Amino acid sequence: EIYTLSLHDALPICAVILLLAFGLGANAFTQAPINGWTKPRVAQKAAVTMMAKKSVGDLSDAELKGKKVLVRCDLNVPLDGKTISDDTRIRASVPTLKYLIEKGAKVAACSHLGRPKDGPEDKFSLAPCAERMSEYIGSEVKLAPDCVGDEVAAMIEGMDDGSLIILENTRFYKEETKNEPEFVKKLAAPFDLFVNDAFGTAHRAHASTEGVTKYLSPSVSGFLLAKELEFLDGAIADGEKPLAAIVGGSKVSSKITVLEALIKKCDKVIIGGGMVFTFLAARGYGVGSSLVEEDFIETAKAAEKLAETSNCKIILPKDVIVADKFAADANTQVVAFDAIPDGWMGLDNGPEATKEIQEELRECKTVVWNGPMGVFEFEAFAKGTFDVAETLAEITETGCVTIIGGGDSVAAVEKANLADKMSHISTGGGASLELLEGKILPGVAALRRASGGGAQELVRERAERDGQDQVQPRGARHGVHGEDL
């Protein structure tokens with residue numbers, strides 16, 4: 001039987017509904033904390049989990065058993081001839097691959113290696129990676145002769161459940177970086193589902209990072225990619241305060257966008273490396289023959305003004321170690337920041353600068369580090385960087401979350417044998433910087449779309465979370481092709 005309400009009868013009911021809604025208020029719609037980064041006051045913004053709706057750990061056994069899984073790993077390791085000099089990225093890929101193997105999937109890992117110019121080059125073969133991966137997996141990992149084609153498809157079809165192969169270098173095809181649709185179809189054709197575990201290339205809309213998600217469902221993140229997003233995006237969005245960023249490196253020009261983003265988010269930003277001297281020059285100090293980017297002096301001034309309006313403390317070194325030439329055997333001396341002699345160049349922080357930085361860091365609950373304090377490759381100019389690394393290791397033990405955001409800072413903590421003392425070591429270079437800048441990574445946005453959420457939805461969520469105007473995802477307004485940083 002159908003009942004109808006007159007407008008006169010309906011109005012009191014609507015009024016009650018409205019009163020209940022106002023009485024409950026926003027708290028009725030606030031989620032519980034979603035992870036370690038999220039505090040109750042920002043829980044409803046769902047900072048990190050919005051980055052990728054689903055990870056490989058969310059898939060059921062039935063979704064994995066006997067299924068042919070394409071996994072995009074980052075196996076772009078440094079080689080000395082055919083010898084791997086650092087297998088960090090291979091080791092980082094193992095947890096996701098082992099998980100899939102244990103679930104009975106037929107797993108094919110793909111990756112790029114180096115920068116092949118025109119087709120296959122033996123020096124860029126993934127053969128050394130397959131050999132090293134075999135050691136970590138505990139069984140033979142075969143290398144496919146190609147990444148696409150009938151022979152590869154037949155090899156995948158004939159795999160046993162719970163086995164792993166590695167496809168040959170995807171960048172032996174120019175279509176990979178161009179995200180060419182026909183190549184994408186060939187790459188995806190043999191598989192049932194896709195797992196992206198390559199954070200280092202998540203900022204590229206390539207065939208193996210973005211394109212295949214249009215043809216494979218489900219498409220989800222691996223454990224490494226999920227962890228990178230949790231730490232890097234989570235630290236800036238919802239990291240416990242005080243929050244500090246250490247930004248080093250040689251040039252302001254290469255770090256200015258991430259520096260501006262960090263200034264807006266952090267309580268303090270410590271500046272180190274060669275970029276110090278562009279900031280000192282912007283303040284009107286003489287810097288001898290130190291590296292200065294004249295075209296970015298006004299940019300440095302603008303960054304300092306931004307820090308004032310953002311209530312962020314900018315920390316520059318009180319003293320520096322200067323050298324009479326850029327060499328391991330140079331003559332050195334320690335001078336105040338405003339007393340650098342003509343003809344001498346700053347190549348590391350001095351002891352007073354390091355002491356101040358250590359004191360500032362010990363007050364923090366979250367620290368992100370991207371870029372060394374000096375030319376740590378030379379022993380004479382390594383102390384500033386290594387002392388900071390030791391301090392981060394110490395405060396990690398007392399509960400501070402420490403994140404090493406890729407690049408030379410990772411090399412520095414590895415060289416200091418302190419990598420295992422940090423909360424998180426990022427495997428990304430350019431991807432780390434772009435995520436810290438607040439950009440939407442194409443590889444992550446693609447997983448989002450594949451899980452039922454569009455890139456524009458992700459942009460809206462992040463804009464709402466950060467209280468910012470909406471911006472386009474990276475690559476939406478211009479090409480995103482090119483090599484990794």
Side-chain angles (χ1 to χ4, degrees), residues 52 56 68-77 89-90 92-93 96-97 100 105-116 119-121 124-126 129-130 133 141 143-149 152-153 155-156 164-222 224-226 228 427-431 441-450 455 474-475 479-485:
V56 67
K68 293 168 284 187
V69 184
L70 176 64
V71 183
R72 181 44 160 105
C73 298
D74 184 4
L75 306 180
N76 186 30
V77 295
R89 288 176 172 175
I90 294 175
S93 300
T96 294
L97 296 175
L100 290 166
K106 300 175 181 179
V107 187
C110 70
S111 178
H112 76 286
L113 176 63
R115 301 181 179 186
E121 295 181 54
F124 294 126
S125 171
L126 286 168
C129 297
M133 187 69 77
V141 177
L143 177 71
D146 205 333
C147 61
V148 295
V152 173
M155 187 175 181
I156 293 165
L164 168 68
I165 66 170
I166 293 180
L167 306 184
E168 188 54 283
N169 195 335
T170 55
R171 288 197 191 170
F172 283 169
Y173 291 86
K174 290 183 178 180
E175 295 91 337
E176 155 73 348
T177 56
K178 294 177 181 178
N179 204 2
E180 203 275 324
E182 289 305 312
F183 177 75
V184 172
K185 290 179 184 178
K186 292 177 183 178
L187 183 60
F191 300 100
D192 300 311
L193 61 110
F194 174 64
V195 176
N196 190 348
D197 210 27
F199 176 70
T201 55
H203 62 316
R204 302 301 189 195
H206 291 173
S208 65
T209 60
E210 193 269 349
V212 292
T213 65
K214 299 170 185 175
Y215 298 95
L216 295 174
S217 180
S219 289
V220 299
S221 68
L224 174 63
L225 178 58
E228 292 274 16
T427 58
L441 306 183
V444 177
L447 298 179
R448 175 76 178 179
R449 285 193 300 269
R474 188 188 189 282
V480 294
H481 309 310
E483 300 300 334
D484 299 332
L485 294 178

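Predicted, not measured: the structure shown is a model, and the values here were computed from it.
Taking the side chain as every heavy atom from C-beta outward, Leu97 and Met133 approach each other to under 4.5 Å. Proximity of Leu187 to Ser208: side-chain heavy atoms (C-beta onward) are separated by under 4.5 Å at one or more points. In this structure, the side chains of Asp146 and Phe172 stay at 4.5 Å or more apart for every pair of heavy atoms. Side-chain atoms of Ser93 and Leu75, non-hydrogen and from C-beta on, do get closer than 4.5 Å to each other. The side-chain heavy atoms of Phe199 and Asp74, taken from C-beta on, include no pair separated by under 4.5 Å.
Atoms OG and CG, from Ser219 and Leu193 in turn, are 7.5 Å apart once rounded to the nearest 0.5 Å. The distance from atom CD of Glu168 to atom CG of Leu113, rounded to the nearest 0.5 Å, is 8.5 Å. In this structure, Asn76 CG and Ser111 OG are separated by 6.5 Å, a value rounded to the nearest 0.5 Å.
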Salt bridge (charged side-chain N to carboxylate O under 4.0 Å, His left out) for Arg204 and Glu176? Distances and angles first, verdict last.
CA-CA 11 Å; Arg204 302 301 189 195; Glu176 155 73 348; over 6 Å; no
Evaluate the criterion side chain to side chain contact (heavy atoms under 4.5 Å, CB included) for residue pair Lys214 and Val184; output intermediate values, then yes/no.
CA-CA 9 Å; Lys214 299 170 185 175; Val184 172; 5.9 Å; no
Is there a side chain to side chain contact (heavy atoms under 4.5 Å, CB included) between Lys106 and Ile156 once you walk through the steps?
CA-CA 8 Å; Lys106 300 175 181 179; Ile156 293 165; 5.6 Å; no
Given the rule in the side chain to side chain contact (heavy atoms under 4.5 Å, CB included) test, do Leu225 and Leu447 qualify, once you have shown the distances and angles that lead to the verdict?
CA-CA 11 Å; Leu225 178 58; Leu447 298 179; 3.8 Å; yes
Run Leu167 and Leu70 through side chain to side chain contact (heavy atoms under 4.5 Å, CB included) and show every step you take.
CA-CA 10 Å; Leu167 306 184; Leu70 176 64; 4.0 Å; yes
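The minimum heavy-atom distance linking Tyr215 with Ala188 is given by the pair CB-CB, 3.9 Å. When all heavy atoms of Leu126 and Ile166 are compared, the closest pair comes out as CD1-CG2, 4.1 Å. Looking at every heavy atom in both residues, Thr427 comes nearest to Ala92 through CG2-CB, 4.0 Å. Shortest non-hydrogen contact noted between Cys129 and Val77 is SG-CG2, 3.8 Å.
The side chain to side chain contact (heavy atoms under 4.5 Å, CB included) test with Thr177 singles out one residue from Arg115, Arg171, His112, and that residue is Arg171. Partner of Glu210 under the salt bridge (charged side-chain N to carboxylate O under 4.0 Å, His left out) criterion, chosen from Arg448, Arg449, Arg72, Lys178: Arg449.
Residues satisfying the ring-ring contact (aromatic ring centres under 6.0 Å, His included) test with Tyr173, not counting sequence neighbours, are Phe183. Judged as a side chain to side chain donor-acceptor pair (under 3.5 Å), and not counting sequence neighbours, the contacts of Thr96 are Asp197.
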